[in-house]
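These numbers come from a predicted model, not from an experiment. Counting starts at 1 for both ligands and their atoms, in listed order. What's counted below: heavy atoms across the whole structure, side chains too, no hydrogens, waters or symmetry copies.
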Amino acid sequence: MITVFGSINMDLIATTTRLPLPGETVAGDTFSTAAGGKGANQALAARRAGSQVRMVGAVGHDGFAEPALALLEAAGTDLSCVARNPISTGTALILVGGDGENMIAVVAGANGTLTETEAADAVAAMQAGDILMLQLEIPAAAVEHALTEARARGVKTVINIAPLTSEAARLGRMADIVIANETEFERLAGQEAMGPDQRRQALRRLYDETGQTLIVTLGAEGVIAIHEGIEHQAKGLKIVPIDTVGAGDTFCGYFAAGLDQGLDFATALRRAAVAGSLACLQPGAQPAIPTADAVASAL
Ligand code: RIB
């Protein structure tokens, strides 16, 4: 059983031929909305991967609340711990350029109302061996409390230290498993502009210091990791990305589901990397998350 304690957003998405520079206006090509939020995306990915998933979070009292939850609900995610608070639902303003890259500004809304109380409630129902998954789009105090409570119960914690915040390194060190992209990993390691060799050395050094499982996603280059002292590498698929929004979340959700389903570490990593690649082939975060069957075919 996986519990995701995290953000739920409505994504407002414009596509442009190229992303604007600071102060520049560019013409948009299309506009759409889609359910998103790092927490919700990861929950849906884990659910589509075949795990039982409970989402703990909050939406607002507005027209975005129901559409933000619709795909989670359709997939059979447990939403009984999603609060409806008198504030706006979280929103993300997303620009996707012609090369599939993106720029995102997130307004927390209801996600910002989550506190230590919801963290304690989220973990209280969990048992040793369950998986708690966290990101950094909800208040740091709530994330920290969830990590502390989970450790006391023997719950396995997975944190994706995204988006990068000033608390990322500190909170990352409190989890059993850390998933970071290159930039986030540099923050964790306290070292900038790492090349591949330096990254591997930093991975080993951090593992020796903390004993944590560390996973670094590298976009088209796949993923590297260290787990129980053994270094791993996994590749996704060779693709031409259309929209990379939510690809990292898809990786995280599939990876957690792999652990939940008892896959060995290397298999869980590879399946998650392939799922992340497939998520780049369709627009929108949640609509693009592949089903377990699609991932199995691609493997
Ligand atoms: O990781 C992608 C997500 O980041 C989007 O769905 C958006 O909501 C932002 O939170």
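- The part of E137 lying near ligand 1 is the side chain, judged by heavy-atom distances below 4.0 Å.
- For residues 286-298, every residue pair satisfying the side-chain hydrogen bond (donor to acceptor under 3.5 Å, both in side chains) rule, not counting sequence neighbours, is listed here: N41-Q286.
- Using a 4.0 Å cut-off between charged side-chain N and carboxylate O, R170 and E144 make a salt bridge.
- With respect to the salt-bridge test (charged N to carboxylate O, under 4.0 angstrom), the residues E24 and R18 qualify.
- For ligand 1, the atoms lying closer than 4.0 Å to a non-hydrogen atom of A92 are 7 (C), 8 (O).
- Atoms of ligand 1 lying under 4.0 Å from at least one heavy atom of G36, given by number and element, are 6 (O), 8 (O).
- For D264, the side-chain hydrogen bond (donor to acceptor under 3.5 Å, both in side chains) partners two or more places apart in sequence, or in a different chain, are T267.
- In terms of polar-atom proximity, defined here as any N/O pair under 3.5 Å, G37 does make such a contact with ligand 1.
- Between R84 and E66, at least one side-chain nitrogen of the basic residue sits less than 4.0 Å from a carboxylate oxygen of the acidic one, meeting the salt-bridge criterion.
- Numbered from 1 in the order shown, with element, the atoms of ligand 1 that lie under 4.0 Å from a heavy atom of D249 read 1 (O), 2 (C), 3 (C).
- Under 4.0 Å is where a charged nitrogen must lie from a carboxylate oxygen, and between R153 and E149 no such pair does.
- In terms of heavy atoms, Q212 sits closest to M174 at NE2-N, 4.2 Å.
- What sits closest to atom 8 (O) of ligand 1 on the protein, heavy atoms only, is D11 OD1, 2.6 Å.
- The A285 neighbourhood of ligand 1 comprises atoms 6 (O), with distances under 4.0 Å to a heavy atom of that residue.
- Nearest protein neighbour of atom 3 (C) of ligand 1, counting heavy atoms only, is N41 ND2, 3.6 Å.
- Heavy-atom proximity to atom 4 (O) of ligand 1, evaluated over Q42, M10, K38, is greatest for K38.
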